[in-house]
S.K.: 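The structure that follows is given in the form of structure tokens.
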Amino acid sequence: MSECTTDVIEWRRETAQVPYRVSLEEMERRNAAIAAGEERELVWLLEHPPVYTAGTSADVAELLDPRFEVVEAGRGGRYTYHGPGQRVGYVLLDLTKRGKDVRCFVHSIEQWVIATLADFGVESWAVDGRVGIWTRDIDGREAKIGAIGVRVRRWVTMHGFSVNIDPDLSHFGGIVPCGIEEFGVTSLARLGIDISPQQWDEALIARAPGFLAALAKDKGSCS
């Protein structure tokens, strides 16, 4: 694990996989500490062992083949897969300082991930009414390359986003990802882009000032 701490935000980058339940416990603890003013805000970049997570809108009919542990996540959304080769970003920010607008927060995360993907030559986009980050797959069809799911407690955000760098895409077959049946799932590796988690983290962190500036710009309004 490597850490980079500023006066405001701690950036934590894991090299070993973190069990999903462990990350949930740490997010709950850190959420309370940030809300109480006892610890800094946190962006935590990591990978999990294979797991299916259920959001608050999860429909059991969309759990097709529970070959891995299924954990209730407490975030918004439906079923999502996490596993090796997928980089997860947990974003714990204090919205009392950055604008109490959850929609703007989600929009800013989308644009942060989209801008980072563009740095690797991947055009991607968000779609109203269809959660996630989308791109054009190798067959020309639209496919999901990133997922977003957040929770806000005490006006401090939890959970965040994931991006498929080089996961085993067959693992997504155990669920209907995010409840969307008509579109597939892709990854940077499937698109022919070979990068390491460390390269992804560095590009994401380099784009972070734009993400934080967008939150400041959107404070009190969302255009």
Side-chain angles (χ1 to χ4, degrees), residues 20 23 43-48 50-59 61-64 68 70-71 73-91 102-152 157-191 193 195 197 200 203-204 207 211 214 222:
Y20 190 75
S23 71
V43 178
W44 191 11
L45 304 175
L46 51 82
E47 295 183 22
H48 294 300
V51 63
Y52 295 130
T53 70
T56 53
S57 302
D59 181 346
E62 295 168 353
L63 184 61
L64 307 177
F68 305 120
V70 181
V71 181
R75 54 157 174 79
R78 297 163 93 159
Y79 285 108
T80 299
Y81 166 77
H82 294 308
Q86 181 194 75
R87 203 63 174 163
V88 178
Y90 291 135
V91 185
V102 178
R103 189 165 67 93
C104 284
F105 173 69
V106 172
H107 174 73
S108 297
I109 287 181
E110 289 173 342
Q111 296 308 308
W112 184 19
V113 174
I114 288 168
T116 306
L117 286 168
D119 289 337
F120 295 102
V122 176
E123 182 184 7
S124 61
W125 51 86
V127 179
D128 286 342
R130 200 200 307 158
V131 178
I133 304 298
W134 302 85
T135 190
R136 196 69 60 190
D137 204 358
I138 57 175
D139 60 4
R141 301 181 62 188
E142 211 173 1
K144 176 178 280 191
I145 196 167
I148 293 178
V150 303
R151 180 184 179 189
V152 179
T157 62
M158 300 168 65
H159 300 277
F161 61 90
S162 61
V163 172
N164 299 330
I165 296 176
D166 188 15
D168 184 337
L169 295 177
S170 71
H171 289 177
F172 286 89
I175 58 172
V176 178
C178 301
I180 302 173
E181 294 184 276
E182 59 268 38
F183 297 97
V185 178
T186 192
S187 67
L188 287 168
R190 179 173 163 85
L191 298 176
I193 298 168
I195 67 168
W200 170 260
L204 189 76
R207 285 284 184 177
F211 162 63
C222 187

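Computed from a predicted model, the values in this text were never measured in an experiment.
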S.K.: Are the side chain of Gln86 and the backbone N or O of Asn164 linked by a donor-acceptor pair below 3.5 Å?
M.R.: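 Flag not set: sc Gln86 to bb Asn164 has no pair under 3.5 Å.
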S.K.: Report the distance from atom CZ of Arg207 to atom CG of Asp119, rounding to the nearest 0.5 Å.
M.R.: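 It comes to 4.0 Å.
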S.K.: Please find the pair of heavy atoms, one from Phe172 and one from Pro167, that lie closest to each other, and give the distance.
M.R.: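 Smallest heavy-atom distance, with atoms named: CE1-CG, 4.3 Å.
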S.K.: Which pairs, with at least one residue in residues 157-176 and sequence neighbours excluded, count as a salt bridge (Lys or Arg N to Asp or Glu O under 4.0 Å)?
M.R.: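 Output for this query is empty, none listed.
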S.K.: Measure the spacing between OG of Ser23 and CE of Met158 and express it to the nearest 0.5 Å.
M.R.: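 Result: 9.0 Å between the selected atoms.
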S.K.: Where is the tightest heavy-atom contact between Trp112 and Leu204, given as atom of each residue plus distance?
M.R.: NE1-O, 2.9 Å
S.K.: Name all residues meeting the side chain to side chain donor-acceptor pair (under 3.5 Å) criterion together with His159; count only those two or more places apart in sequence or in a different chain, and write none if there are none.
M.R.: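 Applying side chain to side chain donor-acceptor pair (under 3.5 Å) to His159 gives none.
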S.K.: Kindly give the heavy-atom pair with the smallest separation between Lys144 and Gly132, and that separation in Å.
M.R.: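 Smallest heavy-atom distance, with atoms named: CE-CA, 4.0 Å.
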S.K.: Using side-chain heavy atoms (C-beta onward) and a distance below 4.5 Å, is Val163 in contact with Ile133?
M.R.: no
S.K.: Going from CG on Leu188 to CD1 on Ile195, what distance comes out if it is rounded to the nearest 0.5 angstrom?
M.R.: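 Here the interatomic distance stands at 5.0 Å.
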S.K.: For a quick test of reading the model, state the closest non-hydrogen atom pair linking Ser108 to Phe211 and the distance between them.
M.R.: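 Scanning both residues completely, I find the closest heavy atoms to be O-CD1, 3.5 Å.
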S.K.: Give the minimum heavy-atom separation between Trp134 and Gly184, together with the two atoms involved.
M.R.: CZ3-O, 4.4 Å
S.K.: What's the spacing between Leu169 CG and Asp137 CG if we round to 0.5 Å?
M.R.: 8.5 Å
S.K.: side-chain contact (heavy atoms from CB on, under 4.5 Å) for Thr186 and Ile138? Distances and angles first, verdict last.
M.R.: CA-CA 9 Å; Thr186 192; Ile138 57 175; 5.8 Å; no
S.K.: Answer yes or no: is there a donor N or O on one side and an acceptor on the other, between the side chain of Thr157 and the main chain of Val91, under 3.5 Å?
M.R.: yes
S.K.: Find the distance between CD1 (Ile165) and OG (Ser187) and round it off to the nearest 0.5 Å.
M.R.: 9.5 Å
S.K.: Shortest non-hydrogen contact from Leu191 to Thr135?
M.R.: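 Result for this residue pair: CD1-CG2, 4.1 Å.
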S.K.: Angle between ring planes, Tyr52 versus Phe68, binned at 30° and 60°: parallel, tilted or perpendicular?
M.R.: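 The rings of Tyr52 and Phe68 sit tilted, inter-plane angle from 30° to 60°.
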S.K.: Could you go through Val176 and Tyr79, starting from their C-alpha distance and side-chain angles, then the distance that decides it, and tell me whether this counts as side-chain contact (heavy atoms from CB on, under 4.5 Å)?
M.R.: CA-CA 7 Å; Val176 178; Tyr79 285 108; over 6 Å; no
S.K.: Given 3.5 Å as the limit, does a donor-acceptor pair link the side chain of Ser57 with the main chain of Arg78, or not?
M.R.: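 No: the side chain of Ser57 does not pair with the backbone of Arg78.
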S.K.: If the condition is salt bridge (Lys or Arg N to Asp or Glu O under 4.0 Å), which residues does Arg75 pass it with, not counting sequence neighbours?
M.R.: none
S.K.: Check the pair Arg141 / Arg136 against side-chain contact (heavy atoms from CB on, under 4.5 Å), numbers first and verdict last.
M.R.: CA-CA 6 Å; Arg141 301 181 62 188; Arg136 196 69 60 190; 5.9 Å; no
S.K.: Can you tell me how far the CH2 atom of Trp125 sits from the CZ atom of Arg130, to the nearest 0.5 Å?
M.R.: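 Interatomic distance, Trp125 CH2 to Arg130 CZ, rounded to 0.5 Å: 9.0 Å.
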